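What follows is a single structure, written as structure tokens, with notes after it.
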Amino acid sequence: MQSKFQVRAVALAAAIAAMAAAGGSGAATGDGALAPAGKAQLRSQAGSGAAARTDGAKRPGRVTRADGAVAGAMPIPFTPRWRIDGDAIRWEVQDAHRDQLEMSGRQVSAVVDYGSQADGSLLLSRTVVWPMLRTIPDDTHASLIRKFGAEATPTLEIDGQPAATERLRQVRFDGRLALQSQLAPGLQLTRTLAPSPDEPALVERLELANTGTAARRYRFGALERSETTLAERGTHGAYVVEVRSPAREGVLAPGARVHVDVIISGRLQNEMVYVDGGEALQERAQKVAQWRASLVLETPEPALDAMFAFSKVRAAESVFATRGGLLHGPGGTRYYAAVWANDQAEYVNPFFPYLGDRAAVQSAMTSFGLFARYMNADYKPIPSSIIAEGRGFWNGAGDRGDCAMISYGASQFALAQGDAGTARQLLPLIDWCLEFTRRKRDAQGIVHSDSDELEGRFPAGKANLSTNVLAYGGLQGAARLVASLGDRQRASALQQEAQQQRGAIERYFGARMAGYDTYRYYDGNDKLRAWIALPLALGITERLPGTVDALLSPQLWTENGVLTEAGDKTFWDRATLYALRGLLKAGELERTMPYLRYYSNRRLLGDHVPYAVEAWPEGQQRHLSAESGLYARVITEGLFGIEATSLRSFTIAPRLPQGWPRMALRHIRAFGAGTDGSGIDIVTTRAKGGKGGQQVLVRHNGKTLLDQAWDGKAPLLVTVPE
């Protein structure tokens, strides 16, 4: 008997027709086909099924191979809650719904819960995190955190009477969150929230607008709240948390607007923090615009472009100015002023050179430097996580294959950065991690580790596929890196070792699982696992057909993406994003595009927006930032097929989906392109006459590097001049 997750996935084939009718938006066709899951509460969004059809329409069945195995199924369509509005997304409020999102600056992060309650009134709370105001014990979760509700809103009187309850009418997000409510006929109140880019403060502007025909008298009361924490509970003594807003009153003429700014700040007791609300909001907008202007995706599908643009924001904003240097942090109210071998080293650091954000690139170097401090002559494991601004570490899951993660991520970062000095700086860490991994190999050539990145949440045996594939990636990346630095002999030896590792992976992990010729995750594994996507993402294609079919089968693919394990309900977006990247990289374009469209539309325009999430049920789908870096890599490494071959060269395979006349990725800052000039542009267009041919153009600062017809098969090599 099929599980409930398989039953849901069987209905997937309707998506292609629905998306085509909606212009690729992922919307249902208006016949009530399938309702979105879990509208009422954030916690119910995952694991809840879509409503069944009531119009009598037939559901397409599964695609079945000759051997009886399910070959795949299409994503379930849904009705978007949000709409794209220029560089923003917008929700016109018509029902009760709540959501949350995270926004970060150099010294603060805020998770904002917002929505419309059953009576239409505004729901709003702000959880503010100060990562550098460390509490005791100074562990992974030691950031000072405070939650603010109605007490953080100044009193408001209209014509001498307390203002009526705010009725939420519209929500708009462009990197700043704007909540527009109606107070009374002719009176609107819009709250705009954003973190200060540089100061430890959250800014909330309350703007009152008179849209009526009569003048109205208003009065905002002063807001002054302060808390001083106990000195013995902070690693740096007492901290002061303040909520301040000035009083303001007057007469608001028809068509006029007036505002006050609420500043929620945290500081050391002996420090002073001054934040100008208007300047902070403007600086936030400028910073978001900078991220949007670099590494720009252009496709015929606005949802893909917008999801990619927002992913850049979430990945890059979560860089904090810690005492140990600039550090990228996952967020989610739990993970700050700390780095992990998977989140930072493996997931997001290799992306930052493409974006070219200086702070993000520096945060990557800081993270690798922190890991390098733990290299030792006895080859004891490097900790999984460096915490507390670099002052401590966490290693509670033992060796998770962290050195494989680091060697892979550091070599990919160094290659993409395109700088010989950076490469030489990182090579000792890469070499140490490779040697550590060698010492964990058994007689079969398989690398052992205590666990994997899921840290025991699911079984991983004594040796798992993830660690071994990443070990292969580390060897391959190191080979290309040392070749770029002139050591061809050593590069050849590393490349040979990589091929030996690849062969060991095939011999040990290659298996028939649930009717598919794919991979077992560990010795004794009898259920399909999401991480069978890793070989595809790293170019291992020996079991391509069976792995593709397994990933897209109802056993793994659900309305929430790829399940961690077949038959379970748990999903982690990181696995879905690796799967999408691997499938596209392997050339499975047309089969994969419906899933990429569905995932992008749901995350961008569904009930929990606008970013990739961590997991469910754990964490209730927090917007951890490294996952947004993984989404961006679906585009750069998957759709455009970019793969570093040296510090100044890369291959591309920018396959155009059916119906697309062209696509482009502009202002790429990797491979030494730097931040001056226009960077690298990749543009591919459908060749005249059809037959699947493309014309691929690559420019660097306006100079043509490649301009040729391409049959969509063997990747094209691009070399960037010094």
Side-chain angles (χ1 to χ4, degrees), residues 72 342 346-347 350 401 404-405 407-409 411-412 437 441 444-449 452-454 458 460-461 463-477 479-480 495 497-523 525 527-553 555-557 561-566 572 574-589 591-592 595 630 633-634 637-638 641 643-644 651 653 715:
N342 54 326
E346 179 192 342
Y347 301 164
M405 300 174 192
S407 64
Y408 165 70
S411 60
Q412 292 302 308
T437 303
R441 283 202 190 111
Q444 301 178 75
I446 295 301
V447 180
H448 288 227
S449 58
D452 61 4
E453 42 75 50
L454 286 181
F458 283 78
N464 64 76
L465 181 66
S466 175
T467 295
N468 280 269
V469 172
L470 292 171
Y472 164 77
L475 288 165
Q476 188 180 58
R480 293 174 177 178
Q495 189 59 51
E497 187 180 358
Q499 294 311 307
Q500 292 170 349
Q501 178 74 41
R502 182 167 176 163
I505 290 169
E506 170 61 23
R507 289 189 300 273
Y508 186 86
F509 292 103
R512 188 160 182 83
M513 301 285 294
Y516 302 96
D517 288 323
T518 182
Y519 302 93
R520 63 179 182 175
Y521 192 60
Y522 58 91
D523 184 13
N525 170 222
K527 297 178 181 179
L528 286 174
R529 291 287 289 270
W531 282 130
I532 60 173
L534 270 167
L536 300 185
L538 272 69
I540 299 174
T541 55
E542 281 82 343
R543 293 177 174 263
L544 174 62
T547 302
V548 170
D549 287 347
L551 284 170
L552 299 182
S553 74
Q555 295 188 54
L556 282 181
W557 186 276
V562 178
L563 293 173
T564 298
E565 181 178 83
W572 292 68
R574 61 189 65 170
T576 298
L577 294 166
Y578 259 106
L580 291 170
R581 181 172 119 210
L583 290 164
L584 289 170
K585 182 181 176 68
E588 292 288 336
L589 179 67
R591 288 185 68 182
T592 307
Y595 297 88
L630 284 178
R633 294 176 67 184
V634 171
E637 299 173 40
E643 181 173 338
T651 55

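Fair warning: this is a prediction, and the values are worked out from it, not measured in the lab.
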Could you walk me through whether Y408 and Q412 pass the side-chain hydrogen bond (donor to acceptor under 3.5 Å, both in side chains) check?
CA-CA 6 Å; Y408 165 70; Q412 292 302 308; 5.2 Å; no
To the closest 0.5 Å, what do you measure between [atom1] ([X]) and [atom2] ([Y])?
X	Y	atom1	atom2	answer
T547	L534	OG1	CG	11.0 Å
M513	R529	CE	CZ	9.0 Å
T518	L544	OG1	CG	10.0 Å

- Task: Inspect the contact between E643 and R480 and indicate whether a charged nitrogen and a carboxylate oxygen are less than 4.0 angstrom apart.
- Result: yes
- Is it true that R543 and D549 make a salt bridge, defined as a side-chain N closer than 4.0 Å to a carboxylate O? no
Over all atoms of both residues, closest heavy-atom pair of [X] and [Y]:
X	Y	result
S553	Y516	CB-OH, 3.2 Å
S411	G473	OG-O, 4.3 Å
Y522	A460	CB-O, 3.3 Å
I532	L551	CG1-CD2, 3.7 Å

- If we only count heavy atoms from C-beta on, is the Q476 to L538 side-chain gap below 4.5 Å? no
| field | Pairwise side-chain contact, L536 with V548, heavy-atom cut-off 4.5 Å (strictly under) | value | yes
So, Y508 and N468: side-chain donor and acceptor under 3.5 Å apart, yes or no?
no
* Asked: Passes salt bridge (Lys or Arg N to Asp or Glu O under 4.0 Å), E497 versus R441? Steps please.
  -> CA-CA 12 Å; E497 187 180 358; R441 283 202 190 111; 3.0 Å; yes
